[in-house]
Every structure is written in C-alpha cells, then in structure tokens.
Amino acid sequence: MSENRPAAVIILAAGEGTRMKSKTPKVLHPIGGRSLVGHAMHAARGTHPAHLAVVVRHRRELVAPHVTETDPDALIADQDEIKGTGRAVECGLEVLPADLTGTVLVTYGDVPLLTTQTLQALTRAHEEAGNAVTVITSILDNPHGYGRVVRDTDGQVQRIVEQKDALAARETGGQDAAALDIQEINSGIYAFDAQVLRESLAQVGTDNAQGEKYLTDVLGLARDAGRAVRAHVVEDRWQSEGVNDRVQLATLGRILNERNVERWQRAGVTVVDPATTWIDADVTIGQDTVIRPGTQLLGATTIGESAVIGPDTTLTSVQVGDGASVVRTQAELAVIGPEATVGPFSYLRPGTELGAKGKIGGFVETKNAVIEDGAKVPHLTYAGDATIREGANIGAGTIFANYDGVNKHHTTIGRHSFVGSNSVLVAPVNVADGAYVGAGSAVTSDVEPGQIAVSRARQRNIDGWVARKRPGTGTADAAAAAGASGPAPTEPSDATAHDQDQAGTRHTATEPEGGQA
Ligand code: UD1
Ligand code: CA
C-alpha cells in the first residue's frame, strides 16, 4: 500500500452551496456524526499523503477552523475571487512545495461516501498505467448536470464537456452538443501528475459558458500534449455522489448509515432493525452485542461485547462495558460499566459513571454522578454531583439537591449505605460508609458510620376521626366493621393522639425505611 502514497491530496471546499439554503456552510453539515468535509478529509488522510490541503473561501471564518480542528496537519488554501474548480486547485497548489512531484489527488469536500480504498485504487491504477491524469467516472442512467467524458477511439479520455457548454453548443450548432448523449460522467475525483497539473492549469482560460477556470480543461490539454489520460470507472455511484441540497444530504446520510450498520453486522453484531438503527462513523461495537430497534449510537460511543442496547435508546459518546443492558435510555458523555443495567426511561447526563453491575433504573436522571460497582439507583431519582460508593442503595424518589440557586454542591453516599425512599439530600452533605437515612428525610448534615438519620415530622394517629368527620361514608362503614371505636364526644386532645417515634418504633422489625431493593 505504501508504494502508492500520493504526494498530496487537494480537497475543494470553497463553493457556496446555495441550494442548501442554510446559514451553515454546506461542507459543515453533518451525516453519520462527521461533517461532509470531515468525511472527505478522513478518506484522504487514509491514503497517507505527504500533504493534505483544503481549499476554502465561502464562510472561511467557519470552515477553516473546522478543518484545522478536524486535522491539525491539514493545510488551508485560500481561493481568490477567480471562480472555478481549476482556479481552486491552482490555489491548493500554492500551499504545497513549488517543486512537488508525483501524484496529486483532487477530491471534493461535499462528496462524503468516497472511501480511502477507492482513492488508493485510483492512485494505483494511475501510477501503474503511467498516466498524466486519471479520472474517476461512472455510467449513469441520468447523467444530467454532470460533465460528460468524451473518449478517444483508443479508449483514452479525450476531454470533458460540461453540461452547460453542451447546452450552449446545441443552441449554436456546435459539436459539443453531441456530449449530451454521453452517459459516462466525470465524478470530479482525479489523480494528476503534479507537473502536468501545474503546467496545464497555467494554460487554462475562462472562455466557457460559466466564465470559470475549469479543472476539466486540464484533461484535454494533457491529451493534446500527447500524455496518457484515462478513466477509472467506479461502479458504486454513491462514492462520487455529492450533496447539493438537503434531500441529497438525507439520502447520502441513509446510505452511509446502511454501510455502517452492515459493517458491524459483518463483524458479529446483531442489529434487529437496520432501518431504525443509526450508527455514526466513529462508533465501535463488540461481538455478540444486540442492538434493538430505534437505537442511535452517536459520536464517539463505544459498546463492549455481549451488551444489549435498546429499544429506543440514544447514546452520544457513551462508553458501555461488556454484558451491560441499556434499555429505552438517553445518555451523553457517560460511562456504563460491565454488566451494569440502565433503564427503562433513564436519562444519563454528562459525567455519569456507573460501575460494574451497577444499576440506574426507571425514571432516573443523573449528572456528574459516580455510581460505583454494585451500587443501585433503581427508581425515580435525580442524582446530580454525587458519589454513590460501592454497594450503596438509593431508595425510590430520592433527590440529590445539588443546586442552591447559585452554586452546585456535592453529595457522597458511603459504601453499602442505604437511603430510604423520598429523601432529599441537601448538598453539600456526606452519608458515611454503613449508614442509613430514614424514608422521607431531608438530610442537611453529615451522617456518621452506623447511624440512621431521620428528619421527618412525627406521625399522629387520632382515634375516631373517620366516624366523626366522615360519617355515612364507605370508609366509616369499613372502620366500624373492622372494630374501630365510635365517635369521640369531643375534639381529640394530644393525649388521644398516638405519637410515633421519629425513628419509627411503631414500624415492624423488617423496617428498611421504605427503601427499594
Ligand atoms: C464539476 C465538474 C464536472 C463534474 C462535477 C461532478 C468542473 C468544471 N466540472 O462540476 O465535470 O461532473 O463537478 O460533481 O470541474 N469548488 C471550489 N471552488 C470553485 C468552484 C468549485 O472549491 O471556484 C468546489 C465546490 O465547493 C465543490 C466542487 O468544487 O465541492 C465542485 O464544484 P461545483 O460547482 O459543484 O462543480 P460542478 O459544476 O458540479
Ligand atoms: Ca456539484
């Protein structure tokens, strides 16, 4: 492979993309988790060129920083006000060494499905045949809009005729009108001999229907000079398909996704419903993992082996361990440990780290929460800015009150500690290892090892209240049938109300303060 490393790749990304009707430059629109130009750069970088240059102009202030962020080694070339693909390449050459020799590839920033393999095959075909120019072409049923490839009798490429020039020729009876019947189109992706490219571009003018400096004119000039110009036909037409509007953006996004899904299926991942499964380009998935319908695996998400993801789950840059189960969940920038279980209906916000065999259950929201190995947050909880140590159990409806309206504060729940249901932990607060919090407590001060904290109001039971206040109701009848005492003659005093001990002594010995297992 290395013998066919190109000297340079030039990616053209200076065009406006008006048909997108967008405030965002066309090449920055994403599919499959990468910008269009990001895909082009990724494919180009895979050929290990000595130089990679991206030509920019439209919305340079947005495109250039994005290019540099994507690939810090990429060179930015600025196109001036002279228009056309030929001028764009000329500007690209200006940021490369003036004495550059060897193969220069030219691709577009809006052609996202082109692969490294195709660029390598192009380079190999070009160099093995000793061509001056090799152009990737396709045979299309509907070649409308594309430059047409005019072949010589010996099969070499004689020149390329742009659609607009062929149409103009039809008006004036010129010979280029015949090109309208040609179905072989110019993809716009080429391999050039660097010297031929430089010298030919210097001769290209702007005398055409669009008044632009055409890169395609280089092919005719090279051929006229007796150099070899050949086509490299690529059957997979999606590889050279560009995005011009949002319909094409969605179409190419779907095709890219089909390819990503198939790649993982072939690597041993079960994807139950490819049509509703979206897998970004940079995602990785381990063997024997099952992806159920309605799942989106986005960004830098990595899934281990034998995990079960979905249905209806969106993971953005989430790391999931082997054997974990993540059901009906939305998560971002989170870590889910091996054999952990998440969902259904869980919302894991950035900074959530769930340990091995840990649990985040139904209707639980977490943020900046480290939930260690075997710890459980099973139901209806908000855990923000929390450390929940190994083996701890958080009861249903617990709220980690982390925000005082100005600042965020942290809460720690110690090892094997137990927080009863419907408690509020008012941060900053620490519950030590081996401690309890009684159900319904508002915890504002630290709890030491072995203690239980209980901070709810005492319970009062008032004898005869139902008979007195709800006479004639079904409740009163049921109370009487169950042997309740009759109506008390007066309002009960404190003496007739039965107070309960705060720690709940009237509770039975099984007391886990309402925490859920
Ligand atoms: C070009 C080809 C045509 C080919 C088609 C394939 C020429 C003259 N024509 O036509 O034969 O069939 O691509 O899609 O080359 N760009 C710049 N600077 C410019 C002009 C364009 O960077 O001044 C970039 C655009 O951003 C785009 C690419 O070059 O990524 C192609 O430009 P576009 O205007 O779409 O070329 P076409 O007219 O479609
Ligand atoms: Ca185009």
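Both ligands and their constituent atoms are indexed starting at 1 by order of listing.
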For this session: Identify the two heavy atoms, one from Ile388 and one from Ala383, that lie closest to each other, and give their separation to 0.1 Å.
Result: CD1-CB, 4.4 Å
Exercise. For Tyr190, is at least one N or O under 3.5 Å away from an N or O on ligand 1?
Worked result: no
Exercise. Is Gln210 in polar range of ligand 1, meaning some N or O pair under 3.5 Å apart?
Worked result: no
Exercise. Between His29 and Ser22, is any side-chain donor less than 3.5 angstrom from a side-chain acceptor?
Worked result: yes
Exercise. Counting each atom of ligand 1 from 1 as listed, which ones have a heavy atom of Glu162 under 4.0 Å away?
Worked result: 2 (C), 3 (C), 7 (C), 8 (C), 9 (N), 10 (O), 11 (O)
Exercise. Which residue from Gly15, Gly84, Ala88, Pro143 reaches closest to atom 20 (C) of ligand 1 through any of its heavy atoms?
Worked result: Gly84
Problem set entry | Per-atom contacts, ligand 1 versus Ala13 - under 4.0 Å to a heavy atom | 22 (O)
Exercise. So is there a nitrogen or oxygen of Ala14 less than 3.5 Å from a nitrogen or oxygen in ligand 1?
Worked result: yes
Exercise. Measuring from Tyr108:OH to Ser187:OG, what's the distance to the nearest 0.5 Å?
Worked result: 7.5 Å
Exercise. Does ligand 1 have an atom that lies less than 4.0 angstrom from a heavy atom of Gly242?
Worked result: no
For this session: For ligand 1, note which part of Gln79 has a heavy atom under 4.0 Å away: side chain, backbone, both or neither.
Result: side chain
Exercise. Can you list every pair that meets ring-ring contact (aromatic ring centres under 6.0 Å, His included) and has a residue in residues 171-207, with sequence neighbours left out?
Worked result: Tyr190-Phe192
Exercise. Under 3.5 Å, is there a donor-acceptor pair between the side chain of Thr68 and the main chain of Ala64?
Worked result: yes
For this session: Compute whether any side-chain donor of one residue and acceptor of the other, for Gln163 and Arg148, lie under 3.5 angstrom apart.
Result: yes
Contacts table for residues 323-334: side-chain donor-acceptor under 3.5 angstrom, sequence neighbours left out:
| unit_1 | atom_1 | unit_2 | atom_2 | d |
| --- | --- | --- | --- | --- |
| Arg328 | NH1 | Asp312 | OD2 | 2.6 |
| Thr329 | OG1 | Val327 | O | 2.7 |

Problem set entry | Per-atom contacts, ligand 1 versus Ser187 - under 4.0 Å to a heavy atom | 6 (C), 14 (O)
For this session: Under 4.0 Å from a heavy atom of Asp110: give me the atoms of ligand 1 that qualify, with their elements.
Result: 27 (C), 30 (O)
Problem set entry | Lys/Arg-Asp/Glu bridge criterion (N-O < 4.0 Å) met for Arg159, Asp176 | yes
Exercise. Among the heavy atoms of Val55, does any lie under 4.0 Å from an atom of ligand 1?
Worked result: no
For this session: Output the list of atoms in ligand 1 that are nearer than 4.0 Å to some heavy atom of Gly147, sorted by atom number.
Result: 3 (C), 4 (C), 11 (O), 12 (O)
For this session: Return yes or no for this condition: an N or O of Tyr146 is under 3.5 Å from an N or O of ligand 1.
Result: no
Problem set entry | Minimal non-hydrogen separation, Ile11 against Ala44, with atom names | CD1-CB, 4.0 Å
